[in-house]
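See structure below.
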Amino acid sequence: MVNTESGVLLRHRRFESLLNTRSSQSVEETRKVAVKDGGVEETTKNDDGWVSAIISWIRIVTCFVSMMVTTFIWALIMVVLIPWPYERIRQGNIYGHVTGRMLMWILGNPIKIEGAEYSNERAIYISNHASPIDIFLIMWLTPTGTVGIAKKEIIWYPLFGQLYVLANHLRIDRSNPSAAIESMKEAARAVLKNNLSLIIFPEGTRSKNGRLLPFKKGFVHLALQSRLPIVPMVLTGTHLAWRKGSLHVRPAPLSVKYLPPITTENWKVDKIDDYVTMIHNMYAQHLPVTQKPLP
């Protein structure tokens, strides 16, 4: 009898040991870190199962349908407000606040916001860009009276692109540098005339792996023309939540950090490169290791 009980106890302990081993392997898999291109890149594998994929698809479809509904409603409002450009900008911001916050609620990612006291400045807001989620966050978190600057091709995005134009936001032709610079000057004049703020992604495109890309000079030209302060918005974790080219949304925690406004009143044209480098370095300091630019 004693031997039987000992055998059962031994088998029970072996079973527990097996479970603990598998559990620890699962945890290790979740926290796995791979060295790539001389840096560190986070990898998550335990969230790629079929259950997670189905939940992700449900969230994405719900986001798409919800966005189409609010976009259609605000498009009708914009058409009515065509004679009043500034009011269209304001309504575009309200649309962004409602839709952006709604989409982030649907996706369900935990979000930490820091430096919110700088979020209502009249300024040029800039942000790093590594995920479609960045668009939702920017829509939600930029103040009323803010216009965006995007590539001219945005007009071809179904419904959203047309609403972007109706909301009187600005577009530039990135394939033509001289035309782009002239568009920046026109944008600065419009901002000053109507007491607006601006939002722009200084990298000019979306990062494929979350790492900070080199900055274009456009935001500095805007600052020199308008003399508005620059408020950096540092986004972290969005590239893990929704990777470029993927339709799988993961529950990664996100962070939005507003840095204190950078005054541009005394900036000089001959130091444009210095200003770009300074702010790029500032971003690099505030980003986690996995999003810092490679040396």
Side-chain angles (χ1 to χ4, degrees), residues 67-104 119-129 131-176 179-206 216-223 225-226 228-233 235:
M67 187 174 181
M68 290 301 99
V69 171
T70 57
T71 301
F72 180 75
I73 292 171
W74 258 272
L76 295 177
I77 295 172
M78 297 296 185
V79 170
V80 173
L81 294 174
I82 282 179
W84 299 280
Y86 178 77
E87 189 59 32
R88 279 187 279 133
I89 293 172
R90 181 175 176 276
Q91 283 298 322
N93 295 145
I94 295 173
Y95 159 82
H97 297 162
V98 172
T99 305
R101 186 166 190 172
M102 176 182 67
L103 297 180
M104 293 311 304
S119 65
N120 288 312
E121 301 277 339
R122 181 168 170 258
I124 298 172
Y125 291 85
I126 62 173
S127 171
N128 55 309
H129 188 22
S131 166
I133 290 178
D134 303 336
I135 305 292
F136 305 158
L137 291 171
I138 291 299
M139 290 166 60
W140 169 25
L141 296 173
T142 47
T144 301
T146 301
V147 291
I149 298 182
K151 58 185 180 180
K152 67 175 185 177
E153 292 82 4
I154 196 171
I155 193 174
W156 303 115
Y157 292 12
L159 282 182
F160 180 78
Q162 291 76 55
L163 186 66
Y164 181 92
V165 175
L166 280 172
N168 215 32
H169 290 297
L170 307 168
R171 295 176 297 145
I172 60 172
D173 182 0
R174 295 190 303 185
S175 64
N176 187 334
I181 292 174
E182 187 58 36
S183 296
M184 291 290 186
K185 291 180 180 179
E186 291 178 8
R189 288 193 289 267
V191 164
L192 290 174
K193 181 180 178 180
N194 297 288
N195 294 318
L196 301 172
S197 293
L198 278 164
I199 175 67
I200 188 171
F201 294 118
E203 294 161 288
T205 189
R206 194 191 313 170
K216 308 292 185 183
K217 300 178 184 179
F219 75 101
V220 175
H221 284 289
L222 286 167
Q225 293 288 327
S226 66
L228 287 174
I230 294 173
V231 176
M233 297 174 66
L235 309 185

Once you round to the nearest 0.5 Å, how far does [atom1] of [X] lie from [atom2] of [Y]?
X      : Y      : atom1 : atom2 : answer
Leu228 : Leu222 : CG    : CG    : 9.0 Å
Leu196 : Tyr86  : CG    : OH    : 6.0 Å
Leu235 : Asp134 : CG    : CG    : 5.0 Å
Thr70  : Leu103 : OG1   : CG    : 7.0 Å
Ile172 : Ile154 : CD1   : CD1   : 11.0 Å
Arg90  : Asn194 : CZ    : CG    : 14.5 Å

Checklist entry - If we ignore angles and hydrogens, is there a donor and acceptor under 3.5 Å between the side chains of Tyr95 and Thr71? => result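 Result is yes, a qualifying pair exists.
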
Please check if the side chain of [X] supplies one atom and the backbone of [Y] the other of a donor-acceptor pair under 3.5 Å.
X      : Y      : result
Arg88  : Leu81  : yes
Gln162 : Ile155 : yes
Ser197 : Ala123 : yes
Arg171 : Ile149 : no
Gln91  : Met78  : no
Thr99  : Gly96  : no

Of all the heavy-atom pairs spanning [X] and [Y], show the shortest one and how long it is.
X      : Y      : value
Ile230 : Ala223 : CD1-CB, 4.0 Å
Phe219 : Pro202 : CD2-CB, 3.7 Å
Ala167 : Gly92  : CB-CA, 4.0 Å
Ile199 : Ile126 : CD1-N, 4.2 Å
Phe201 : Ile135 : CE1-CD1, 3.8 Å
Asn128 : Glu203 : CA-OE1, 3.2 Å

Checklist entry - Would you call Asn93 and His169 a side-chain contact if the rule is heavy atoms closer than 4.5 Å? => result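 Heavy-atom side-chain distance check passes, below 4.5 Å.
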
Item to check | Audit row: Ile73, Val69, side chain to side chain contact (heavy atoms under 4.5 Å, CB included) steps and yes/no | outcome: CA-CA 6 Å; Ile73 292 171; Val69 171; 4.0 Å; yes

Item to check | Residue Arg206 excluded, over 12 heavy atoms near CZ under 6.0 Å | outcome: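 Enclosed.
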
Checklist entry - What do you reckon, is CZ of Arg122 surrounded by more than 12 foreign heavy atoms closer than 6.0 Å? => result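 Enclosed: over 12 neighbouring heavy atoms sit under 6.0 Å from CZ of Arg122.
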
Give the table of side-chain donor-acceptor pairs shorter than 3.5 Å for residues 140-148, with sequence neighbours excluded, one pair per line with atom names and distance.
from, atom 1, to, atom 2, distance (Å)
Thr142, OG1, Ile138, O, 2.7
Thr146, OG1, Pro143, O, 2.7

